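This structure is a prediction, so every number in the text was calculated from the model and none was measured.
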Amino acid sequence: MCGICGVVSLAGRPLRHPYATSRMRETLIHRGPDGAGSVEYPAASLQIRRLAIVDLARGDQPFTSPDGCVSIVCNGEIYNSAELRRDPAGAGYPFRSNSDVESVLPLYLRHGTAAIPMLEGMFALAIWDARNGQLLLARDRSGEKPLFYASLDDELIFGSEPKALLAYPTVSRELDEEAAAAYFVMGYVPTPRTMHRHIRKLPPGHTLVANSNGIAISPYWCAADFRAATGPTAETKLSADSLRATIKSAVRRELTADVPLGVAISGGIDSSLLLGLAAPNFGRGRLFTWTAGFGDADYDETGPAARLARRYGTIHRIVPCDAPFLRRALDALQDTLDEPLGDPAVLPTWLVAEAAREDVKIILSGEGADELFGGYPTYLGHMLAARFAALPGFLRAAISRAVFAWPPSAGKVTLEFLLKRFISNAAQPPVDRHLEWFGALGPSASGRLLGARARAGLGSALSQLRAQGAAALDGRPVLDGILLLDFLTYLPDNLLTKVDRAAMLHSVEARAPFLDRKVMELALATPASEKVRGFQTKVGLKAAGAGVVPYEVRKRRKRGLSVPIAAWINNGLCLEVDRVLERRRLAREGWLDPDGVHRLLDEHRRGAANHARRLWPLIVFQRWLERWGPVEAN
């Protein structure tokens, strides 16, 4: 795992600011504290900070071809590197290491860009080919590893994080109104935009080829291609044995490392299954586990996690995540997280990664399981929406009155919270209700809470979000399409961003076995009816856990990693919230409407409603703007 960056001249001229490339690299030192490397060409500079995972002594990057014409830098892990070395492309190649990254170079020399689909793993890589003045960028299929780029003045600048690009003089901090509007709607910035106007994300499963003819971005793998079979003769049953074997193979492959590793656990099915499949590869007392510990019983899962740790004989740590620790994480992330992320779970994730770094360099995590196997309560809502709409009008009205008479709760994903969100949006079209249920402000509240600058991008942002939803639902049953939509958007732009940044800020590599290609393709080709049934989510995954995961874990209700921010906004963080949401400041900046925001805050503090889900992304944005916005915003 590493941090990569670089600059190339598409016109073949010397770089405009060659002195800046090493400065770009050093902004990524947290991603690679074990060493630095670079390779320089007349029209290109590739830079890397290394986190040593495989072949600690000889695996330094960049790797360069024997003739000196082609070089590669890569952030990630290539899990099939041993097979690639046996490919005819590797026959006779003078490998200088056992690094997984070096195995890509002879493959590229033989196959060119067609080498990328042959890679299995999580990766973001850059290959400079001086023979034809061409840069190849590529990102893994699900988006585990990030890759950003900017094209300015015939130069292409790229890096693992926006901060690396912002260190190059021609890349400005100017903000993107459409990206800001999308962030307020969803709580994250959807690909390909970033909050900075000139910086873009390379989409997962895509390559970018840049040369004197311009820039071409194209997919090499597409999740939408793996449609579930339909029709009366379709075989739709998901075999528990097949799924378990596929996940087991992925876990075994992702345990490959020359450094210690562990599993972040919560007591839920995802992390428990990973732990159960990983533990037999270690003796008792040789595998590490960690769990976030909250003082609030609604959020705390230390009990179930501790029982799992005892069952599998791990070295278990409980990571304190009460208010003082969360505030420390919040302040640290303001200074280091160069993308606003409205998911409060990034705070305990950062704290768990900090604790894990005392013991290991690698953690396994369960990202992807919810989107692939149907784990969110909103999926039940989509199944029930049509039934609710079919009820007589008087009955729907009576149910609505009863639900909204229920006093608001500050607890974690309470029944009251879920029912109110369901009733409010069940009658909307599938994509719109999903944006409301899964978003931050959602489409409805955005118009009331955004200032003039963000409203300028709201129409186009909503059009793009709805177009993504329509494409995912095209020709699919509603729930199948919604699952695909979350896999393509929420997973890479929120969850994987959260885990990558939180872990790498502590120089820890996070691996997600559920995002192994074979696991993904098996899940994507399975209908949602095999995943969500009745009032049960993750039906297929829980069946696959039989014999590995205890019965009580497989039957537990999904809780998810979250933070008691509703009470925090009113108490320990009260003064900070007042500071960043101060009326005159909001009016001056123009991103948020002071009256609308303060109505929301007043209702929350009076206990009239729990608006924590909407307020938190606004607080995060305001703090992000202080550190990463244009100079005039600060």
Side-chain angles (χ1 to χ4, degrees), residues 2-29 31 36-49 61-65 68-75 108 112-113 116 124-139 145-176 179 191-203 206-218 338-339 628 630-631:
C2 304
I4 65 172
C5 61
V7 184
V8 302
S9 169
L10 303 185
R13 293 190 289 262
L15 303 183
R16 286 181 170 82
H17 306 285
Y19 62 87
T21 56
S22 60
R23 188 171 66 196
M24 294 170 60
R25 180 187 68 205
E26 294 313 298
T27 66
L28 302 173
I29 190 170
R31 300 188 76 94
S38 65
V39 62
E40 308 292 340
Y41 291 87
S45 174
L46 304 186
Q47 305 280 335
I48 186 162
R49 290 290 324 191
Q61 299 183 51
F63 288 104
T64 299
S65 60
C69 291
V70 180
S71 293
I72 181 173
V73 289
C74 178
N75 165 32
Y108 171 82
T113 59
I116 301 302
L125 61 80
I127 298 175
W128 173 251
D129 192 335
R131 299 172 303 181
N132 53 15
Q134 179 169 287
L135 175 71
L136 169 64
L137 302 180
R139 192 175 175 202
K145 293 296 102 189
L147 193 53
F148 300 85
Y149 69 94
S151 179
L152 297 163
D153 301 327
D154 293 324
E155 290 185 333
L156 193 140
I157 306 100
F158 68 89
S160 295
E161 297 179 13
K163 60 171 64 72
L165 281 73
L166 292 172
Y168 197 69
T170 58
V171 181
S172 78
R173 292 190 174 207
E174 182 183 359
L175 300 190
D176 183 325
T191 299
R193 293 182 181 274
T194 74
M195 199 64 82
H196 294 103
R197 184 179 302 280
H198 300 297
I199 301 177
R200 290 289 180 264
K201 304 172 193 171
L202 183 64
H206 280 66
T207 60
L208 180 153
V209 175
N211 52 38
S212 59
N213 295 322
I215 297 173
I217 298 174
S218 56
D338 47 16
E339 295 180 276
W628 298 102
V631 174

Asker: First locate atom CZ of Arg197, then atom OG of Ser172, and finally report the distance between them rounded to the nearest 0.5 Å.
Answerer: 8.5 Å
Asker: List the atom of Arg25, the atom of Ser38, and the distance in Å for their closest heavy-atom pair.
Answerer: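 In terms of heavy atoms, the two residues are closest at NH1-CB, 3.9 Å.
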Asker: Can you measure from SG (Cys5) to CG (Leu28) and round to the nearest 0.5 angstrom?
Answerer: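 Between atom SG of Cys5 and atom CG of Leu28 there are 5.5 Å.
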Asker: Does Gln61 reach the main-chain N or O of Ile48 with its side chain, forming a donor-acceptor pair under 3.5 Å?
Answerer: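 Pair absent, no side-chain N/O of Gln61 close to backbone of Ile48.
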Asker: For residues Phe148 and Glu339, determine if any side-chain heavy atom of one lies less than 4.5 Å from a side-chain heavy atom of the other.
Answerer: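 They are in side-chain contact.
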Asker: Are Leu202 and Phe158 side-chain neighbours, meaning at least one heavy-atom pair lies under 4.5 Å?
Answerer: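 Not touching, per the 4.5 Å side-chain cut-off.
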Asker: Identify which one of Asn211, Leu15, Leu156 satisfies the side chain to side chain contact (heavy atoms under 4.5 Å, CB included) criterion when paired with Val8.
Answerer: Leu156
Asker: Mind checking the CD-CH2 spacing from Gln134 to Trp128? Nearest 0.5 Å is all I need.
Answerer: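 One gets 8.5 Å once the value is rounded to the nearest 0.5 Å.
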Asker: Could you go through Thr113 and Thr207, starting from their C-alpha distance and side-chain angles, then the distance that decides it, and tell me whether this counts as side chain to side chain contact (heavy atoms under 4.5 Å, CB included)?
Answerer: CA-CA 8 Å; Thr113 59; Thr207 60; 5.6 Å; no
Asker: Can a salt bridge be assigned to the pair Arg13 and Asp153 using a cut-off of 4.0 Å between side-chain N and carboxylate O?
Answerer: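 Asp153 and Arg13: not salt-bridged.
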Asker: Under 3.5 Å, is there a donor-acceptor pair between the side chain of Arg131 and the main chain of Cys69?
Answerer: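 No, the answer is negative, given that no donor and acceptor are paired below the 3.5 Å cut-off.
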Asker: Report yes if some heavy atom in the side chain of Cys74 is under 4.5 Å from a heavy atom in the side chain of Ile4; otherwise report no.
Answerer: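 Contact flag for Cys74/Ile4 side chains = no.
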Asker: Any idea which heavy atoms bring Leu135 and Ala126 closest together, and the distance?
Answerer: CD1-CB, 4.3 Å
Asker: Using every non-hydrogen atom in the two residues, find where Ser160 and Asn75 come nearest and quote the distance to one decimal.
Answerer: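 Minimum heavy-atom contact is OG-ND2, 4.0 Å.
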Asker: Got Tyr168 and Leu152 here, is their nearest side-chain heavy-atom distance under 4.5 Å?
Answerer: no
Asker: Determine the minimum heavy-atom distance between Pro62 and Gly37, stating which atoms define it.
Answerer: CD-C, 3.8 Å
Asker: Would you name the heavy atoms of Ala36 and Glu26 that are closest together and state the gap between them?
Answerer: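 Where Ala36 meets Glu26 most closely, the heavy atoms are CB-OE2, 4.4 Å.
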Asker: For residues Met24 and Ala164, report the shortest heavy-atom separation together with the two atoms involved.
Answerer: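 So the two residues come closest at CG-O, 3.2 Å.
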Asker: Could you go through Asp154 and Ser9, starting from their C-alpha distance and side-chain angles, then the distance that decides it, and tell me whether this counts as side chain to side chain contact (heavy atoms under 4.5 Å, CB included)?
Answerer: CA-CA 6 Å; Asp154 293 324; Ser9 169; 5.5 Å; no
Asker: How long is the span from the CD1 atom in Ile72 to the CG atom in Asp129, to the nearest 0.5 Å?
Answerer: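 Nearest 0.5 Å value for the CD1-CG distance: 12.0 Å.
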Asker: Taking His196 as the fixed residue, which of Asp176, Leu175, Leu165 is the one that meets the side chain to side chain contact (heavy atoms under 4.5 Å, CB included) rule?
Answerer: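 Running side chain to side chain contact (heavy atoms under 4.5 Å, CB included) over Asp176, Leu175, Leu165 with His196 returns exactly one hit, Leu175.
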Asker: Between Asp338 (side chain) and Lys163 (backbone), is there a donor-acceptor pair under 3.5 Å?
Answerer: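 Here the side-chain-to-backbone pair exists.
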Asker: Considering only heavy atoms from C-beta outward, does the side chain of Arg31 approach that of Arg49 to under 4.5 Å?
Answerer: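 They are not in side-chain contact.
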Asker: Let's go through Arg200 and Arg193 carefully: what are the C-alpha distance in whole Å and the side-chain angles of both, what is the deciding distance for side chain to side chain contact (heavy atoms under 4.5 Å, CB included) to 0.1 Å, and is it a yes or a no?
Answerer: CA-CA 5 Å; Arg200 290 289 180 264; Arg193 293 182 181 274; 3.1 Å; yes
Asker: Looking at Lys145, is its backbone amide N or carbonyl O close enough to the side chain of Arg139 to form a donor-acceptor pair, meaning the two atoms are under 3.5 Å apart?
Answerer: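 Yes, the answer is positive, given that a donor and an acceptor are paired below the 3.5 Å cut-off.
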Asker: Closer than 3.5 angstrom, by distance alone: can the side chain of Thr191 be matched with the main-chain N or O of Pro203 as a donor-acceptor pair?
Answerer: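 Side chain of Thr191 to backbone of Pro203: no pair is present.
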Asker: Answer whether the closest heavy-atom distance between the side chains of Ile199 and Leu166 falls below 4.5 Å.
Answerer: yes
Asker: Any side-chain heavy atom of Leu136 sitting closer than 4.5 Å to one from Tyr108?
Answerer: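 Leu136 vs Tyr108: side chains touch.
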Asker: Can you find a pair of side-chain heavy atoms, one from Glu40 and one from Gln47, that are under 4.5 Å apart?
Answerer: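 SC-SC contact between Glu40 and Gln47 confirmed.
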